[in-house]
Amino acid sequence: KMRLSVAFRYAHRSHASIRRSRAGVKVLNSENSFIPVNSAVSYLRVREASSTSGTSETVVYQNRQELKAIREPNPGLKPTLAIIQAGEDDGLLEVNKKMAGKIGLNVMQICLPHQCREEEVIEEILRLNEDSRVHGIFLHLPQSFLSKSVRNAIKPQKDVDGVSDLNVGRVVLGDQRDGFASPVAGAVLEMLARHDAPLVGKMAVLLGLEGPLKATLQFLLQNNGMMVQTHQWSSKPVQKQIMDSDVVVFLETGHKGLPPTWLRPGVAVINLSSALMEVFVAAVVICQHVVRSSRRWIQEQQYQPWRLRPLKLQSLSPVPSDIEISRAQTPKPISQLAQEIGLLPEELEAYGNTKAKVHLSLLNRLQHQPNGKYVLVAGITPTPLGEGKSTVTIGLVQALSAHLKLNSFACLRQPSQGPTFGVKGGAAGGGYAQVIPMEEFNLHLTGDIHAITAANNLVAAAIDARILHEATQSDKALYSRLVPSVNGVRCFSPIQMARLQRLGINKSDPSDLTPEEVRAFVRLDLDPEKVTWQRVVDTNDRFLRKITVGQANTEKGHARQTQFDIAVASEIMAILALTDGLADMRARLGRMVVGSSRNGQSITADDLGVTGALAVLMKDAIKPTLMQTLEGTPVFVHAGPFANIAHGNSSVLADKLALKLVGEEGYVVTEAGFGADIGMEKFFNIKCRTSGLRPDVVVLVATVRALKMHGGGPNVTAGVPLPKEYINENLQLVADGCSNLKKQIQIAHLFGVPVVVALNVFKTDTQAEIDMVCCIAEASGASAAVQCHHWSRGGRGSVELAHAVKKVASQKNHFQFLYNLQDSIVEKIRTIAQKVYGADDIELSPEAQAKIDHYNQQGFGALPICMAKTHLSLSHMPEKKGVPTGFILPIRDIRASIGAGFIYPLVGTMSTMPGLPTRPCFYDIDLDPVTEEIKGLF
């Protein structure tokens, strides 16, 4: 039974006058004879209890059915009402638990100390705001706690009590679609709705109400057609106004009630000061709001149509420098872009105003959303200057989204600072097809490469330290240090337990190991000559290609030769690009082979005990970075492996996130490094195997200048003016060079994927040269060949390309891999060499053959192949242009990236550490100390 005499201390809202709310309703009886307010309390409570009980049961039933419908497609959902209170009064909790149980809700009680500070309340509110299980927050607190800061700390969508300024403002504006009104005000409206007389045109007086409750109730009544006056008890004309009113709503604040002589016959009187109102509000309306909040939350979790507002782009002629163009455009706040493409606020982790990390939880939220179309941008064999794959990628998505109004996402690699300060410059695109701000894109970004460098070098430090300690300590000393006694207790760490299991030692007590087991556990016995793990740095530094470490006296003569690689060549970078989540990344990091023991066993990061620390260093790097193009379309920047010494593609995660966000009719455009023979082949054979994704179309980028080089034109050197052959029309060189274009189209067809050729037009190209390339491309099997002017015009310069991609991507293709994983390592290498590069055969060095035998013995033979080869020729000889034939591909060494999941043969004299040229880019890069603007970056 409802004990109406119980006072629940319903510390309601910030309204000063409503602290110990005990509600009741006083109305006229059926004969319209007046019942004095004070004398009729008992009668009216009984009468209204019956009415309210019936109404509440109806509301409970409706909410139970609504929640059932919500949970049917979301069985894991159980909405929760969180009650924050001071002290441990369980009265209100029990009422809410009872009603919530009828509906199917959870109730969570947070009891703060009676004398808690405002900061403690706000801290608790902020925690509940971020808890996805909580769909309603109710403050059961004394008025002194309910400051403006406290009330507005609650997320409006969880403010089921309607106390935040935003929710009150929505009531004032007559728009409650996304918010909640005060339950007390709602209850008043409900009672009046059950009164016989219509509300429109009637006069209501609100007496003794203050704060948000007064504002909410006033505008709710006005929105229902009533005239409303508000008064305090001290107001002089209050008696006359009450006598002229049709409805009186009052709150007792030290007064005994309304004198009967003030009330005319027929008036409806509602007293907000007794227990029945509280029971109805707390136990029914609050729960009703929680159900509505959960429904809105579920709706927010569904795929949201894009509301992208492109940025206007005014192209100039002549085209200014890249950095001038970038600075002339004001990017949208990244939070705005995220909202436009359907990201939720909690899925975004901002790094300043123009870039943000995106949480992987998005994949779970949109797991049932169909993927969009998957477009790969590759290229012909490039000149040392690059042929503009990044600009084509960006120009294409600008055309798709800003001009064709189709959802599209670009997925790009993060540039290494090696080329940025070396010879090639940045990788943000160029001209009017750029990612902005370009200096943020090219420098540091969100620190992913720094995280990779730190993680990689932690492994290197652990290797050398372990070799030293094993060489200078006994088994007993090693064991006591690896498994120390802490407060008299010795225990293995989880990663040490995993090592014991790999060794076949099923013991958990350190004191139970035999001397033989202790020795097996503490000694990795790494052979210094067989350490394959290198240190890395994100700088082109040729003098680190071969170094000696351990020369200080403290290292006791344990020196060895080693080397540095460029940071993006680290296996950890490849893992970042290929992983599908935190658990998978941690497992891959643990599988990384760092060398061999003296008896030939592979030693992994797990054996070193460093895996957990690596995962910690990489936990933020795994999230793709959101940026935008010059025309305000979205871009994911994530991972940056080189294509000549690694697999050369942006991350699987970025592609998967983007494919969900664009929707079934959208497009994700991702780029493969260097020529199609390198980046595209690895995209198909490695990335697509790992991700399970299948491309719909390949955009093959070509330039007239690169085709002239393949047709026999003179060498091109970065930083040196182009020879006249590349400036003047020369149709013969173009025709001869198209052999390389034809070969790259054929390579794409090996995988069953259609090709659209995008001719990246330069101002020195003639129309005759352009027409010739397009004609030969289509004759060679391209589904379409179009000229692109995105560099000078932005997205509108690639509209023809966008139409061609849309048409070809809609057609069914017959994707297939080039080789089976079960083929031998040698056969997989031979298949790539012959079918992709055009070699007659391969030649294995004795060292490479020995490595193959070792990898087969270790069970690594079924991994895909990642060829490390020059990007300047289809062959291993950079000077051989066009389509070289009649050559034998030399495999001088083979390495294994077991964590990343591939074997990589080194072809010819490939180096994993670039060097600086005579005149690097850094000569032109500077900082204005006054404006802090960067100069000379391109």
Using 30° and 60° as the class limits, which term best fits the ring planes of F683 and Y374: parallel, tilted or perpendicular? tilted
Do the rings of F674 and H871 sit parallel, tilted or perpendicular, given the 30° and 60° boundaries? parallel
Output, in order, the C-alpha distance, side-chain angles, deciding distance and verdict of salt bridge (charged side-chain N to carboxylate O under 4.0 Å, His left out) for D823 and R830. CA-CA 11 Å; D823 294 344; R830 182 176 285 117; over 6 Å; no
Flag side-chain contact, heavy atom, 4.5 Å: [X] against [Y]:
| X | Y | value |
| --- | --- | --- |
| R327 | I934 | yes |
| M680 | I747 | yes |
| Y432 | V319 | yes |
| F441 | P415 | yes |
| M867 | I829 | yes |
| M913 | R542 | no |
| S326 | I436 | yes |
| P754 | V698 | no |

Reported [atom1]-to-[atom2] distance for the pair [X] and [Y], which is rounded to 0.5 angstrom:
| X | Y | atom1 | atom2 | result |
| --- | --- | --- | --- | --- |
| E671 | T393 | CD | OG1 | 4.5 Å |
| I891 | I852 | CD1 | CD1 | 8.0 Å |
| T383 | K708 | OG1 | NZ | 13.0 Å |
| E681 | I865 | CD | CD1 | 9.5 Å |
| I566 | M573 | CD1 | CE | 10.0 Å |
| C738 | K742 | SG | NZ | 10.5 Å |

Among V757, V392, L376, the one residue meeting side-chain contact (heavy atoms from CB on, under 4.5 Å) with V699: V392
When you measure from the side chain of [X] to the backbone of [Y], do you find a donor-acceptor pair of N or O atoms at a distance under 3.5 Å?
| X | Y | result |
| --- | --- | --- |
| H710 | G737 | no |
| E571 | A900 | yes |
| S792 | H789 | yes |
| Q417 | T539 | no |
| E769 | T766 | yes |
| S739 | D736 | yes |
| S408 | Y667 | no |
| N813 | D696 | yes |
| H403 | R796 | yes |
| Q329 | L630 | yes |

Go through it in stages, so that I can follow the logic: the residues are E387 and T703, the test is side-chain hydrogen bond (donor to acceptor under 3.5 Å, both in side chains), and I'd like the CA-CA distance, side-chain angles, deciding distance and then a yes or no. CA-CA 6 Å; E387 307 317 309; T703 62; 2.6 Å; yes
Smallest separation among heavy atoms of [X] and [Y], with atom names:
| X | Y | result |
| --- | --- | --- |
| H790 | S798 | ND1-OG, 3.1 Å |
| N540 | G422 | ND2-CA, 4.3 Å |
| R413 | A643 | NH1-N, 4.0 Å |
| A702 | L741 | CB-CD1, 4.3 Å |
| V755 | A748 | CG2-CB, 3.4 Å |
| P864 | I686 | CB-CG1, 4.1 Å |

Please step through ring pair (Phe, Tyr, Trp, His ring centres under 6.0 Å) for the pair F636 and F409, ending with a clear verdict. CA-CA 7 Å; F636 272 140; F409 231 112; 4.5 Å; yes
Testing the 3.5 Å rule here: is there a donor-acceptor pair between the side chains of [X] and [Y]?
| X | Y | value |
| --- | --- | --- |
| T629 | Q434 | no |
| Q534 | T562 | yes |
| D565 | Q563 | yes |
| H814 | Q816 | no |
| S873 | E879 | no |

Let's go through T420 and N442 carefully: what are the C-alpha distance in whole Å and the side-chain angles of both, what is the deciding distance for side-chain hydrogen bond (donor to acceptor under 3.5 Å, both in side chains) to 0.1 Å, and is it a yes or a no? CA-CA 7 Å; T420 300; N442 286 314; 4.7 Å; no
Establish, for the pair K869 and Y837, whether the NZ or CZ atom is under 6.0 angstrom from the six-membered ring centre and no further than 45 degrees off its axis. yes
Does K682 pair with D677 as a salt bridge, N-O distance under 4.0 Å? no
Quick check: are there more than 12 heavy atoms from other residues, nucleotides or ligands sitting under 6.0 Å from CG of D771? yes
Is the number of heavy atoms from other residues, nucleotides or ligands within 6.0 Å of CD (Q314) greater than 12? no
One pair to check against side chain to side chain contact (heavy atoms under 4.5 Å, CB included): D322 and M438. What are the steps and the verdict? CA-CA 8 Å; D322 291 350; M438 65 95 75; 4.1 Å; yes
Using the salt bridge (Lys or Arg N to Asp or Glu O under 4.0 Å) criterion, which residues pair with D893? Sequence neighbours excluded. K851, R895
Stepwise side chain to side chain contact (heavy atoms under 4.5 Å, CB included) test for L818 and L750: CA-CA 7 Å; L818 188 63; L750 289 173; 4.2 Å; yes
If we check ring pair (Phe, Tyr, Trp, His ring centres under 6.0 Å) with F684, which of these qualifies: Y819, F815, F817? F815
Verify side chain to side chain contact (heavy atoms under 4.5 Å, CB included) between T670 and V377, making sure each step is shown before the conclusion. CA-CA 6 Å; T670 190; V377 175; over 6 Å; no
Summary of side chain to side chain donor-acceptor pair (under 3.5 Å) pairs that have at least one residue in residues 716-728, sequence neighbours excluded: none
Any chance you could lay out the side chain to side chain contact (heavy atoms under 4.5 Å, CB included) test for T381 and K881, step after step, and finish with the verdict? CA-CA 8 Å; T381 305; K881 306 301 181 183; 5.9 Å; no
